[in-house]
Amino acid sequence: MAAAGLKTVILLSFVLAVGFLLVILSCALWANWLPLLVALTFVLAPLPNAVFAHCTGDEFASYESSSGPVDLGRFITSTIVVTGFALPVVLTHSEVIRPGACVMSIIGGGLVYATIIAYSAAFRQDDSEFD
């Protein structure tokens, strides 16, 4: 079990490094550092979900009957994720960054966000006091 966890951490760290490399290269190759904001948005995206996840009123509430703060956290997270994908497109459309930088920053940001989500899903611990 520990070897599988170690392999997962190594794979996720490799994918995270490739994602950050793509975002940094999208900035450095075209000498415009605005696509670095994409990495910031994708790193901050899971935070509202993590903060509002423990705001359920009932201890035995299921996933379907979520509370208002949990839905607010999901809404803020989805807004930040959409912003992370839309920001390079808007910057490219307004000719602030190049199309190659747009593609590289979207792919890199997507890899960063996917790595964060995969890590939280792979190492989620259920808080059950009866196990």
Side-chain angles (χ1 to χ4, degrees):
M1 184 82 173
L6 184 63
K7 290 178 183 178
T8 305
V9 168
I10 291 171
L11 176 69
L12 289 175
S13 64
F14 176 73
V15 173
L16 183 69
V18 169
F20 277 123
L21 176 71
L22 283 172
V23 171
I24 290 172
L25 280 177
S26 73
C27 298
L29 290 177
W30 287 278
N32 189 350
W33 293 94
L34 282 174
L36 198 59
L37 293 173
V38 173
L40 179 68
T41 58
F42 281 118
V43 167
L44 293 178
L47 247 86
N49 251 353
V51 169
F52 291 114
H54 302 290
C55 293
T56 56
D58 189 11
E59 203 172 293
F60 299 105
S62 65
Y63 181 75
E64 290 82 21
S65 63
S66 60
S67 65
V70 174
D71 289 338
L72 177 66
R74 290 182 186 146
F75 176 75
I76 294 171
T77 297
S78 63
T79 303
I80 295 172
V81 169
V82 169
T83 301
F85 284 115
L87 182 65
V89 174
V90 170
L91 290 174
T92 302
H93 181 71
S94 63
E95 297 179 357
V96 175
I97 65 173
R98 304 273 178 140
C102 173
V103 170
M104 286 177 72
S105 74
I106 287 176
I107 292 172
L111 286 174
V112 168
Y113 184 67
T115 302
I116 293 170
I117 295 300
Y119 180 83
S120 64
F123 294 104
R124 177 174 299 148
Q125 294 179 356
D126 293 329
D127 295 332
S128 177
E129 57 189 67
F130 299 112
D131 286 340

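For the single chain, residues carry numbers from 1 onward in sequence order.
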*Would you check, one step at a time, whether the test side chain to side chain contact (heavy atoms under 4.5 Å, CB included) holds for R74 with D71?*
CA-CA 5 Å; R74 290 182 186 146; D71 289 338; 3.6 Å; yes
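- Linking Ile, Leu, Val, Met, Phe, Trp and Tyr whenever their side-chain heavy atoms come within less than 4.5 Å leaves L36 and V38 in two separate clusters.
- Side-chain contact between T115 and F42: absent, with no pair of heavy atoms (C-beta onward) separated by less than 4.5 Å.
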Could you give the side-chain donor-acceptor pairs of residues 44-51 under 3.5 Å, partners two or more places apart or in another chain?
none

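- Under the 4.5 Å side-chain heavy-atom criterion for grouping Ile, Leu, Val, Met, Phe, Trp and Tyr, L72 is connected to I80 within one hydrophobic cluster.
- Take F75 and apply the ring-ring contact (aromatic ring centres under 6.0 Å, His included) test, not counting sequence neighbours, and it matches no residue.
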*Would you please test F123 and V9 for side chain to side chain contact (heavy atoms under 4.5 Å, CB included) and show each step?*
CA-CA 10 Å; F123 294 104; V9 168; 3.6 Å; yes
Could you tabulate the donor-acceptor pairs under 3.5 Å formed by side-chain atoms of residues 14-30, not counting sequence neighbours?
residue	atom	partner	partner atom	Å
S26	OG	V23	O	2.6

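- Counting non-hydrogen atoms of other residues, nucleotides and ligands closer than 6.0 Å to OH of Y119 gives a total of 12 or fewer.
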Give the table of side-chain donor-acceptor pairs shorter than 3.5 Å for residues 94-109, with sequence neighbours excluded, one pair per line with atom names and distance.
residue	atom	partner	partner atom	Å
S94	OG	V90	O	3.1
S94	OG	L91	O	3.2
S105	OG	A101	O	3.2
S105	OG	C102	O	3.1

